[in-house]
Amino acid sequence: MATRLLPTPSAVPPPIRALNTTTSNSSKRSDYLAVKTKAEDHPVLALLDDYSRLDAKAIRRIHGRMLRLGLLGHPYSASRLLVACSLSPSADLPYARQLFDHLPAPNLFTWNTLIRAHASGPDPRLALFLFSRLLRHSPHSPDKFTFPFTIKAAAELSALRDGTALHGMIAKSPLFRSDIFILNSLIHFYAACRELDLSLRVFEMISERDVVSWNSVITALAQGGRWDEALQLFEEMENENVRPNDVTMVSVASICGKKGDLELAKQIHSYIEQNGIRQSLILDNALLDMYVKCGSLEEAELLFDSMTSKDSISWTTMLVGYAKLGCLDAARRLFDQMPKRDIASWNALISCYEQSGHPKEALDLFHELQHADAKPDQVTLVAVLSACSQLGALEVGCWIHAYIKKNNVELNCHITTSLIDMYSKCGDLDKALNVFSSVNKRDVFVWSAMIAGLAMHGRGREALNLFGKMQEAKVKPNMVTFTNVFCACSHAGLVDEGRLYFSQMLPVYGIAPSAEHYSCMVDILGRAGLLEEATEYIESMPMPPGASAWGALLGACAIHKNVELGELACERLLELEPRNHGAYVILSNLYARSGKWDAVASLRKLMKDASLKKEAGCSLIEVHGAVHEFLVGDISHPLKERIYLQLDEIALRLKAAGYVPNRKLVLQDIEEDVKEKALYLHSEKLAIAFGLISTCSPAPIRITKNLRVCDDCHLVAKLVSSIYNRDIILRDRYRFHHFTGGSCSCMDYW
DNA sequence: GTAGGGTTAG
């Protein structure tokens, strides 16, 4: 036990000289040595020389011996022990603090060591507390070593006020205000607080800048996105005869990766080789990352194969490289080959799957992870929640939420946002609202996610109310917030509100409307039938209208049967995206609705000649934690016989209720309507049939579809909800439909 | 006897 080893202040052993005269029970050899040696070179201390190799147990043993020998009363030897227990890889900071608190006379070195350890420990605030204790309750004053450690703590915390106060103390002392170590740490500190101009000001004040000064300021600019200024300084440093080193090149490589400039990448690589820059694993990793980001996996592979030592970052960087090129199999192979996988490697592959449209694989890998000896962290959970959102996998999502609670994972804004997004997109808006109201930290992303959730469920008014509350809470909206607000207006038909918020964006909120925001307005106005005004918004765009603006106009024309304007919009859209099959389909629907069957036929031929295929319609339904996938006319499901029997029964009961299939829309923006029967076999109908078989009332049937739901399926879902007395919650590409008692939450406006 | 700057996943 630690506490037994620690002397209480009253039991502090007598000074070392007294020890020499005692006749204790300890062995003769020990006494003999004690007589001959000073405390500074007592042989016990030699055990602490190599403290980085000592584990916690060994340190406690030494502590015990020193206590018995009375060595802790001597400031120097006590400090040696404190270094070991606060700086060794198996450091135990609470233990170090206890030891420190029992030292009769800690010297300044000891204070510095403890502050140093806490500055890079799990809670850097403790370093600041120690610093103020040093000022108030010790006979010492901070020296040129104390400041860099304390400033580091302030940087870790991005504590601008504390750091500025430290800077103030430093400025008063002629000795400290010109100390290069202190000044360099201030450069880093201001950068950590995102005060780049203050960083630059400190840098410019230094009369004799060394390589660390240059590196600090170049890194600050690189991380703050001011790449060209950083590269300019990199050139200037040579003019000032400061030779760049490996650390400089890490930042330069990182900038080059962000710029994605392969030519520059090769220049940097040969610069390193020609100037004899020291090789290091970190630099090699940075170069790997640079090549991956510049899109040259060949160069990355060459370097990777030539590296003599690799760590999990090297492997993970390569893995991401393969995944970015869409080579997910190669990424997986690399993952399997890795000699050591840390949680970041798992996260990288899970995120790769999740972000490249393979959410199912992401969840499979998450299950593998749980059987391996890695522990999911917040990044993992964010990625897996996003995979659930994509799949509409509510049960898995709930399970992850439970996991978060059970393991006391901190609900930071990232996780909160992901949970709200998951519950919203999996159709359980109440749970999303619960999460939202249960947290007390809400940043702009949390608010925006909740607004988006309400919007996609058609609860536009509530979304706008929440937008008002967000401002009462003094959280500034960003670009995404406005997109979500407009989405709410669009789904609920709130035209006036849309216009109002759009007009306020720049003057009130200081956010210039982006092309996406203009497209939202075109959508809001177009859906409401205000095609002329929608066109005016397009014409007034300060940037060239993108595909989304023309797409929104085209969709509106299809709803309101405006062939002429629809053709124009489609033409513009195809100029920008020649292979956008959706555009052909919507135009064809427009022709069909207006009875222009010749035009429908020629459009079909055009599509065929261009060998454009529609994206296959696909519906997902989660039952007991497993996600089942249905394509149109799918016969691959193990329960296919029962599913098709159920479909027949549905058809009979619907007919009895007077339902007539709506075959007019042969080419909805839905899914390939190859044959007559296809309508009857749309993926969402298969999923509904499966849902009826495999779940029981009152649980709603939850379905996620990749495309928009067609008129016919929408009608069928309404009827099923009343005939079978089952709620259906269907998520399509754009929004949610809650079917209950024969009607839909979208009020047939979608 | 002590110090400052760096790479991956979101």
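The sequence lines fix the lettering, A, B, ..., with proteins before strands; numbering per chain opens at 1.
Counting any heavy atom pair closer than 4.0 Å across all strands shown, A:Ile180 reaches a base atom. Counting any heavy atom pair closer than 4.0 Å across all strands shown, A:Ser254 reaches no nucleic acid atom. Nucleic acid contact class of A:Asp311 (heavy atoms, under 4.0 Å, all strands): none. If you check every strand for non-hydrogen atoms under 4.0 Å, A:Asn107 touches a base. Within the 4.0 angstrom heavy-atom criterion, no nucleotide atom of any strand lies near A:Thr113. Contacts of A:Asn112 with the nucleic acid, taken as non-hydrogen atoms under 4.0 Å apart, include base atoms. Note on A:Ala344: a base of the nucleic acid sits closer than 4.0 angstrom, heavy atoms only.
Nucleotide B:dG10 holds its P atom 20 Å from the CE atom of A:Met422, rounded to whole Å. Remark: C1' of B:dG1 and CG of A:Leu82 are 13 Å apart, rounded to the nearest angstrom. Rounded to whole Å, the distance from CG on A:Leu319 to P on B:dT8 is 15 Å. The NZ-P distance, from A:Lys310 to B:dT7, rounds to 22 Å in whole Å. Here the C1' atom of nucleotide B:dA9 and the CD1 atom of A:Ile313 are 10 Å apart, to the nearest Å. A:Leu87 has its CG atom 9 Å from the C1' atom of B:dT2, to the nearest Å. Between the NZ atom of A:Lys152 and the C1' atom of B:dT2 there is a distance of 14 Å, rounded to whole Å. Nucleotide B:dG1 holds its P atom 15 Å from the OH atom of A:Tyr51, rounded to whole Å.
The side chain of A:Asp179 sits closest to B:dA3 out of B:dT2, B:dA9, B:dA3. You'll find that the side chain of A:Ser351 is closest to B:dG10, out of B:dG10, B:dT7, B:dA3. For A:His188, counting side-chain heavy atoms from C-beta on, the closest listed nucleotide (B:dG6, B:dA3, B:dG1) is B:dG6. Of the candidates B:dA3, B:dT7, B:dG6, B:dT7 carries the atom nearest the A:Ala286 side chain, counting heavy atoms from C-beta on. Here the side chain of A:Arg116 is nearest to one of B:dA3, B:dG1, B:dA9, namely B:dA3. Comparing B:dG6, B:dA3, B:dT8 by their nearest atom to the side chain of A:Lys144 picks out B:dA3. Set against B:dT8, B:dG10, B:dA3, the side chain of A:Phe145 has B:dA3 as its closest nucleotide. Taking every side-chain heavy atom of A:Ser79 into account, B:dG1 is the closest of B:dT2, B:dG1, B:dG10. In the set B:dA3, B:dT7, B:dG1, B:dG1 carries the atom at the smallest distance from any side-chain atom of A:Phe109.
The phosphate of B:dT7 (OP1 or OP2) has a side-chain N or O of A:Gln223 nearer than 4.0 angstrom. For the OP1/OP2 pair of B:dA9 and a distance below 4.0 Å, the side-chain nitrogens and oxygens of A:Gln355 include no atom meeting the criterion.
Taking the six-membered ring where the residue is Trp, A:His269 and A:Tyr291 present tilted rings, their angle falling between 30° and 60°.
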- Query: Stepwise, does the side-chain contact (heavy atoms from CB on, under 4.5 Å) test hold for A:Phe109 with A:Tyr76?
  - Reply: CA-CA 9 Å; A:Phe109 175 87; A:Tyr76 172 81; over 6 Å; no

- Task: Test side-chain hydrogen bond (donor to acceptor under 3.5 Å, both in side chains) on A:Ser251 and A:Thr219 and set out the steps.
- Result: CA-CA 6 Å; A:Ser251 281; A:Thr219 305; 2.9 Å; yes

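In this structure, A:Lys144 is not positioned above the aromatic face of A:Phe181 in the sense of NZ or CZ being under 6.0 Å from the six-membered ring centre and within 45° of the axis.
For B:dG10, its base never sits under 3.5 Å from the side chain of A:Thr380 at any donor and acceptor pair. No hydrogens or angles were tested; on distance alone, nothing pairs the side chain of A:Ser386 with the base of B:dG10 as donor and acceptor under 3.5 Å. One N or O donor and one acceptor, one from the side chain of A:Asp246 and one from the base of B:dG6, sit under 3.5 Å apart.
In this structure, A:Arg125 does not pair ionically with A:Asp162, as no charged nitrogen and carboxylate oxygen lie closer than 4.0 Å. No salt bridge links A:Lys310 with A:Asp284; every basic N to acidic carboxylate O contact stays at or beyond 4.0 Å.
Under a cut-off of 6.0 angstrom, the local environment of NE2 in A:His140 is crowded, with over 12 non-hydrogen atoms contributed by other residues, nucleotides or ligands.
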